[in-house]
Each structure stands twice: as structure tokens, then as C-alpha cells.
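Sequence lines set the chain letters: A, B, ... in the order given, protein chains first and strands last, and positions in each chain run from 1.
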Number of protein chains: 2
Amino acid sequence: MSKIKVSIKDIAQKAGVSTALVSYVLNGKEKESRVGQEIALKIKQIAAELNYQPSHLAKSLRSGKTHTIGLIIADISNPFFANIARVVEDEAKRNGYTVIIGSSDENADKSRDLLDVLINRQVDGFIIVSSENSEQQIHNLKDKNIPFVLLDRYFPEIPTDFVSTDHYKASYDAGTHLVRNGYKRIGMIAYDSHLFHMQERIRGYRDSLRDNKIDYQNSWLKPVKINNIENGVKASIDDMLASDQPVDAILFATYSLAVSGLKHINLLRLKVPEDLGIVSFGQAEVFELYYCPITYLKQPIVLLGQTAVELLVKKLTNNLNEPAQILMKAELIERASSKTKYSVSA
Amino acid sequence: MSKIKVSIKDIAQKAGVSTALVSYVLNGKEKESRVGQEIALKIKQIAAELNYQPSHLAKSLRSGKTHTIGLIIADISNPFFANIARVVEDEAKRNGYTVIIGSSDENADKSRDLLDVLINRQVDGFIIVSSENSEQQIHNLKDKNIPFVLLDRYFPEIPTDFVSTDHYKASYDAGTHLVRNGYKRIGMIAYDSHLFHMQERIRGYRDSLRDNKIDYQNSWLKPVKINNIENGVKASIDDMLASDQPVDAILFATYSLAVSGLKHINLLRLKVPEDLGIVSFGQAEVFELYYCPITYLKQPIVLLGQTAVELLVKKLTNNLNEPAQILMKAELIERASSKTKYSVSA
DNA sequence: ATAGTTTGCTTAATCGTTTAAGCGGAGGTT
DNA sequence: AACCTCCGCTTAAACGATTAAGCAAACTAT
């Protein structure tokens with residue numbers, strides 16, 4: 001019934017003053033702008049009465065700030081990213097920001113499109129989980145002076161702010177854990193990706209073997225194409241087991257790889273951990289409800305998300321510009337899938 | 001280096017014309033607005049050269065359309081909603097819309113806040129998975145003439161557009177399936193909620209028992225408070241098993257309930273399906289990787305999401321206003337957790 | 001030649017805000 | 001009385017686009 005949308009103009013009219021006064025009052029600038037007490041009160045009353053809601057659009061157009069954050073992730077339907085997204089959403093809201101989420105599918109082209117769309121929607125800044133080959137996009141953002149924080153992944157050769165897990169250490173810990181528990185031939189299934197976090201996970205694995213005097217075999221490390229996980233994992237596992245040095249444990253570099261892997265391991269009727277020890281990155285119910293609960297590397301998702309938002313918001317407000325590069329520790333949650341092999345003396 | 005943002009004005013200046021002309025040309029209105037061929041070409045070239053990107057804000061302010069959809073779900077970190085969100089995101093993008101997702105945590109207050117924030121951000125319309133006690137909000141949207149489509153849940157007493165699974169039938173099918181497979185005392189764990197979809201799931205369960213001549217016991221139906229799932233489920237299961245008519249199968253009304261339930265069932269060292277048959281709503285890897293894969297009701301997530309977007313977009317454009325109320329079938333995916341009990345003759 | 005039409009462009013209002021600048025009038029100072 | 005300072009308010013430009021209306025010049029028709 002009532003007017004579609006109440007504007008500052010309507011209030012001004014009803015109060016018999018100019019829109020400027022209304023704006024001052026409604027923005028709490030009554031003192032600085034020397035607004036009369038009575039009229040200020042009157043304006044506030046009318047605003048309340050008409051249930052005035054300022055137009056974000058108009059504000060944004062004027063101020064150049066939309067109070068919107070773009071969050072670029074690989075895929076919102078992946079639990080890791082969904083959880084991150086939730087944390088970011090909540091933390092952003094606490095700070096008065098709205099989040100627009102975009103899924104890049106680990107694809108640089110889609111990622112660029114998303115960035116374009118969102119830049120063009122004038123988001124104030126980005127939180128980005130980078131895709132492979134997206135270095136140029138990062139450079140562009142820097143050139144255009146668009147604030148952003150990289151999350152979970154970063155490019156060591158590009159100086160940027162980032163918040164990430166210490167992937168190297170996590171992986172190193174996982175490898176060491178397996179060795180300590182008596183596994184001798186430890187394989188790793190990772191993404192076939194140049195992304196630094198993946199390389200770090202691989203490096204951590206390799207170093208853990210080296211430091212534990214295990215003679216690494218090339219056939220133990222299997223890179224899987226990201227767009228054909230199911231088959232890639234299957235083939236990798238078959239291969240690892242068929243070699244003359246068959247693995248007795250597998251470290252999965254991501255949750256998705258582990259899910260595919262566990263499916264195949266079930267089909268092969270292998271027993272975890274007797275036939276095959278398992279450790280995986282990521283966390284999810286699957287790992288708890290598997291017949292043999294899975295040992296996993298728990299990333300500090302809440303802290304990662306919160307810190308990323310906090311950092312970005314700081315950049316957007318204080319224009320705090322000392323670079324922030326934060327690495328957080330993953331926690332190894334020991335469950336049954338990597339239990340000590342009693343066949344081996346400690 | 002270059003100017004922060006290229007506007008229509010910059011182009012006009014460089015071309016030596018008014019902004020109006022530029023606007024006409026860039027919107028393909030050259031013909032209707034009788035713009036000269038040469039100058040049109042020139043404007044296009046300059047626009048390309050300067051890499052002009054129109055300001056969404058300005059456009060929106062003028063047109064009143066933001067080409068943004070608000071998606072209200074319970075929780076983005078729940079796989080069901082994450083998947084829905086992904087579908088909606090993709091489908092919306094295909095239609096030139098951007099999605100802002102908000103998690104209500106099944107809480108009417110949060111839901112109202114979200115709606116307010118997003119209305120105020122001038123989203124063009126909503127896709128909503130309603131929370132309990134949010135009827136008033138739906139009425140408000142109708143009163144304010146804000147287009148929306150309800151997803152997955154709806155209020156039978158409020159005439160609205162919606163896209164939903166046929167929860168009654170799904171549940172009925174699940175119950176019948178269990179009976180047919182020889183289970184005699186079938187319990188159900190549901191949310192303690194008045195939401196119609198939950199009541200329908202319960203009704204379907206009860207009717208399936210009735211129609212199959214099973215003497216329903218009140219102690220078999222357990223409503224669990226949504227904010228204390230873990231303990232609620234635990235107590236419910238304990239109770240169901242302790243009664244003088246202990247259940248031999250459980251139907252879980254949601255994925256989250258099932259996850260909690262399976263955890264507890266593991267702790268109790270009950271064997272599925274020998275000690276307890278299981279069917280659950282929802283789908284996720286858990287159900288496939290559980291030692292005994294879980295029979296589940298697969299909701300047509302992709303279709304649900306796509307249809308919701310399609311409907312909303314139609315409302316936003318054609319202002320198509322014949323009401324659309326769509327029910328879709330869930331598919332019962334039979335796995336080992338509800339296998340025929342051979343102890344019982346068929 | 002005169003009136004009418006078409007062509008090619010400009011002007012200016014508008015969307016809803018913010019905010020620098022300005023302008024009378026009241027009061028104070030000398 | 002002349003000047004200055006505050007006070008309380010208004011004016012108007014700006015953000016970046018869209019679009020109805022208008023205007024001059026060129027062309028068409030009679």
C-alpha cells in the first residue's frame with residue numbers, strides 16, 4: 001500500500017527541511033553540522049515512522065564503497081570450501097560486509113570471469129583461493145590496486161598478503177607419523193598441479209621420507225588430473241600396489257582424492273589399516289564414519305577464514321599496508337587408519 | 001596508472017559528444033535513437049580502447065534492478081545446501097544474475113535479518129529455504145511485492161510459488177521399502193519442527209506403516225531439537241532400543257540426523273543392517289563409504305535448484321504470474337543398509 | 001519558396017545519497 | 001553604529017548511468 005520506497009527526500013518534505021539536513025541527522029553528524037535539536041529530533045521521528053531504509057546503491061555510488069567482499073573458491077559444494085565460506089560469511093557480516101561467493105572450479109578462465117563480474121559489481125575487495133595459472137589475475141588486481149587476501153594458497157614469487165596453512169609442515173608431519181607407526185612404503189596421491197600449496201604438500205611428504213631414511217620410489221608419488229579424479233585415483237592405487245615395492249600406506253593430498261581412494265580401496269577389498277594405512281588432508285564426516293576412522297590433517301578453517309576477513313577489512317578501512325603473510329598449523333588428528341603396525345617392533 | 005575508472009563521461013569527452021550518445025550506442029540503441037554511423041563506430045572504438053566497464057551501481061540505481069538474487073538457506077556448510085547453492089549459482093550466472101547467499105541457521109530471527117539486509121541491498125528477488133516460524137516474513141515479502149520462490153519447503157496455508165521435493169511420498173516409499181524388506185518395528189528420527197516438509201516426512205512414514213498393517217508405537221517416532229542434534233539423536237536411539245518393542249530399523253529424516261545417528265550406532269557396536277536397518281534422507285559420501293553403504297532418498301538437487309532459478313527469473317522478467325507450485329520426486333537409492341532380512345520369510 | 005519531415009545530436013532531469021559552500025539573521029564586541 | 005562570529009539552515013554539485021524532450025540543420029514534398 002504505502003510508497004514503494006522511502007527516501008531521504010520524503011523525510012525532508014514531511015519535515016519541511018532540505019535533504020541535506022536529513023542526511024546529516026541520520027548520519028549522526030548533527031554536532032559537526034550544527035543541526036538544531038528540535039528539528040533533529042523531528043527528523044529522527046519521521047524517519048522511524050516511515051521506516052526509512054537508506055539505499056545501499058545510492059550510498060555506494062556516492063562513496064565508491066559497496067561493503068561487499070568477493071570470495072572466490074574452487075567449489076562451494078566441496079565441504080572444505082563450504083566451511084570456509086560459512087566462516088567468511090559470518091565474520092564478514094560481523095564487520096558489516098556482505099559476501100558474494102563464486103566457484104572457479106579450479107579453472108583460471110572461470111576465475112577471471114568471476115573477478116571481472118565482481119569487480120564490475122564494485123566489490124570492495126577479494127578473498128581468493130587461487131586456481132592454477134591465475135598469477136596474471138593476481139598481478140592485475142595489484143596493478144588496479146584492488147585489495148585482496150589470498151586464502152589457503154599463495155604464490156611465493158608474488159608478494160601478496162595471504163593466510164594459509166603450512167602445507168609443507170602438515171605433510172611432513174603426516175609422513176613422519178606414518179613412518180613412526182611402522183609403515184615402510186608410503187605413497188602419496190596428489191593433484192597434478194603446479195599450485196604452490198600442492199607442491200609444498202608433496203615436498204613435505206618427500207622430505208619426511210628422506211629424513212626418516214626411507215628410500216623413496218618414484219612410483220609412490222602419483223599426480224592425478226584434477227578433472228578426472230575418479231579414474232586417476234583408481235589407476236594410481238592399482239599402480240602403487242602392483243609395483244615390486246607395493247605401498248603399505250597412502251597419504252591423500254585432499255579430501256576429494258581420499259573419497260575416491262577409499263571407494264576404490266573398498267572395491268579392492270583391502271583392509272584399512274592392516275593392508276593399507278591411510279592419512280588424508282581435509283576433514284569431514286566420512287573420515288569419522290568410515291569403518292576404520294581416518295587419520296587426517298585438520299586445517300584451522302575457522303581461524304583461516306576469520307583471519308582472512310579481518311585482514312581484508314583492515315586493508316579496506318585503516319589502509320593498513322604492512323604486508324601480512326600468515327601461516328597456520330594444521331593439526332594431525334590420529335585415528336585408526338594409521339595405527340601402529342604391531343608386526344613391526346617399535 | 002590509468003584512470004581508476006572509465007565512465008561514460010570519459011568516452012563522451014574523448015569522442016567530443018554528449019554522454020547521451022555514448023549511452024545510446026553502448027546499449028545498442030543506435031537505430032532507435034538515430035545515431036550517426038561514423039560517430040557510433042568511433043564511440044565503440046573508444047569504449048573498447050579505454051576498456052570501459054559500465055557501473056553496475058549506477059545502472060541499478062537508475063533502473064531499480066540489481067540483477068542480484070538473494071538465496072536464503074539454513075547453512076551453507078551442510079552438503080545439501082552447499083550443493084543447492086552451487087546449482088543456483090551456476091544457473092543464475094547463466095541468466096546474468098549474481099547470487100548472494102545467506103545462512104539462517106534455521107532461525108527465524110536470523111532469517112529476517114538476512115532478508116532485511118538483502119532487501120536493503122536491493123536484490124531483485126529471493127530463493128528461500130524457509131526456517132520455522134518465518135511465515136510472517138513470507139507474508140511481508142508478498143505485501144511488499146518482492147518476488148520470491150520457496151525452495152524445498154513451503155507453507156501449505158500460504159499461496160506462494162515453490163519448488164519442493166514430494167517429502168510425503170519420499171518418506172512413504174522409504175517406510176514401505178523397509179517393511180517389504182522384512183523390518184517390523186521401524187522408528188523415525190526427525191526434527192522437532194512444525195515445518196511442513198518435516199511434518200510431511202513424518203506423515204509419510206506413519207502412513208506407510210499404517211498401510212502395511214504395522215502397529216505403530218508412539219515411542220518409535222522421535223523428534224529431536226534442531227539445536228541439540230548430537231544429544232537428541234543419542235537419547236532417541238537409546239530410547240528406541242530400550243523400549244519393550246525395540247526398533248529394528250530407523251528412518252532418519254535428514255542427513256545431519258543420520259550422521260549423528262550412525263556415530264552413535266557405531267559406539268553401541270550395533271551392526272547395520274543385521275541389528276538395525278537404516279534409511280536416510282539426503283545424500284553424501286558418508287552414505288557410500290560407511291562400512292555398510294546407506295540406503296538414501298536422493299532429492300533432485302540439480303533440478304530443484306535450476307527450476308527455482310528459472311521460475312524466479314521468469315517472475316523478474318516476463319512478470320509471469322500464474323502461480324507455480326512444483327513437487328518433484330525423490331529417488332530411493334537402495335544400498336546395503338536396508339537389505340532384506342533373511343530371517344523373515346518373504 | 002514554404003512547410004513539413006527526418007536526421008543527428010544535446011540538454012537536462014532522474015535514481016538516492018553526501019557534503020562543501022554559502023547565506024541570512026541573531027548575538028556579541030568595541 | 002559598524003563589524004565579527006555563530007548558528008541553523010539551504011543550495012547545488014557529484015557519483016554514473018538512462019532517456020524523454022528539444023533543437024538546429026538538411027532534406028523532401030508540393
Ignoring hydrogens and angles, are the base of D:dT18 and the side chain of B:Arg62 linked by a donor-acceptor pair under 3.5 Å?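 Present.
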Establish whether the base of D:dA20 is bridged to the side chain of B:Tyr24 by a donor-acceptor pair shorter than 3.5 Å.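 Flag set: donor-acceptor pair detected.
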Nearest to the side chain of [X] - [options]?
{"X": "A:Val17", "options": "C:dT17, D:dT10, C:dC9", "answer": "D:dT10"}
{"X": "B:Lys59", "options": "C:dT19, C:dG16, D:dA17", "answer": "D:dA17"}
{"X": "B:Thr19", "options": "D:dT10, D:dA12, D:dT18", "answer": "D:dT18"}
{"X": "B:Leu21", "options": "D:dT10, C:dT10, C:dC15", "answer": "C:dT10"}

How many whole angstroms separate atom [atom1] of [X] from atom [atom2] of [N]?
{"X": "A:Ile8", "N": "C:dT14", "atom1": "CD1", "atom2": "C1'", "answer": "16 Å"}
{"X": "A:Arg121", "N": "D:dA17", "atom1": "CZ", "atom2": "C1'", "answer": "15 Å"}
{"X": "B:Gln37", "N": "C:dC9", "atom1": "CD", "atom2": "P", "answer": "11 Å"}
{"X": "A:Glu38", "N": "D:dG8", "atom1": "CD", "atom2": "C1'", "answer": "11 Å"}
{"X": "A:Lys5", "N": "C:dT14", "atom1": "NZ", "atom2": "C1'", "answer": "17 Å"}
{"X": "B:Asn120", "N": "C:dT17", "atom1": "CG", "atom2": "C1'", "answer": "13 Å"}
{"X": "B:His56", "N": "D:dT18", "atom1": "NE2", "atom2": "P", "answer": "11 Å"}
{"X": "B:Glu32", "N": "C:dG8", "atom1": "CD", "atom2": "P", "answer": "14 Å"}

Short N-O contact, B:Asp90 and B:Arg94, less than 4.0 angstrom: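 Here B:Asp90 does not pair with B:Arg94 in a salt bridge, since their nearest N and O are not under 4.0 Å apart.
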Determine whether B:Leu26 and B:Tyr52 make a side-chain contact, defined as any pair of heavy atoms from C-beta on separated by less than 4.5 Å.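 Counting from C-beta outward, B:Leu26 and B:Tyr52 do come under 4.5 Å.
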Are the side chains of B:Ile138 and B:Tyr154 in touch, meaning some heavy atoms are under 4.5 Å apart?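 Side-chain contact under 4.5 Å: no.
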When you check the phosphate oxygens OP1 and OP2 of [N], does a side-chain N or O of [X] lie under 4.0 Å from one of them?
{"X": "A:Lys9", "N": "C:dT17", "result": "no"}
{"X": "A:Lys29", "N": "C:dT18", "result": "no"}
{"X": "B:Ser23", "N": "D:dT18", "result": "yes"}
{"X": "A:Ser18", "N": "D:dT10", "result": "yes"}

Base, sugar-phosphate or nothing for B:Leu57? Non-hydrogen atoms, less than 4.0 Å.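 Here B:Leu57 touches no strand at all.
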Give one of base, sugar-phosphate or nothing for A:Gln53, where a contact means two heavy atoms less than 4.0 Å apart.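 Since only primed, P, OP1 and OP2 atoms lie under 4.0 Å of A:Gln53, the category is sugar-phosphate.
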Select from B:Gly36 and A:Tyr52 the residue whose nearest nucleotide in DNA chain C is closer to the 5' end of that strand.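 Looking at the nearest nucleotide for each, B:Gly36 comes out on the 5' side.
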I want to confirm an ordering. Mapping B:Leu61 and B:Val35 to their closest nucleotides on DNA chain C, which one lands closer to the 5' end?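 Taking each residue's closest nucleotide, the earlier one in sequence belongs to B:Val35.
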Testing the basics here: between B:Leu316 and B:Pro147, what is the closest heavy-atom pair and its distance to 0.1 Å?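 Heavy atoms of B:Leu316 and B:Pro147 come nearest at CD2-CG, 3.6 Å.
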Can a side-chain donor-acceptor contact be found between B:Thr68 and B:Arg121 if the only test is distance below 3.5 angstrom?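 The answer is no; no qualifying pair exists.
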Toward the 5' end of DNA chain D, by each residue's nearest nucleotide, A:Arg34 or B:Val22: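 Its nearest nucleotide lies further toward 5', so the answer is A:Arg34.
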Once rounded to the nearest 0.5 Å, what's the spacing between atom CD of B:Gln136 and atom CZ of B:Arg112?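 Those atoms lie 9.5 Å apart.
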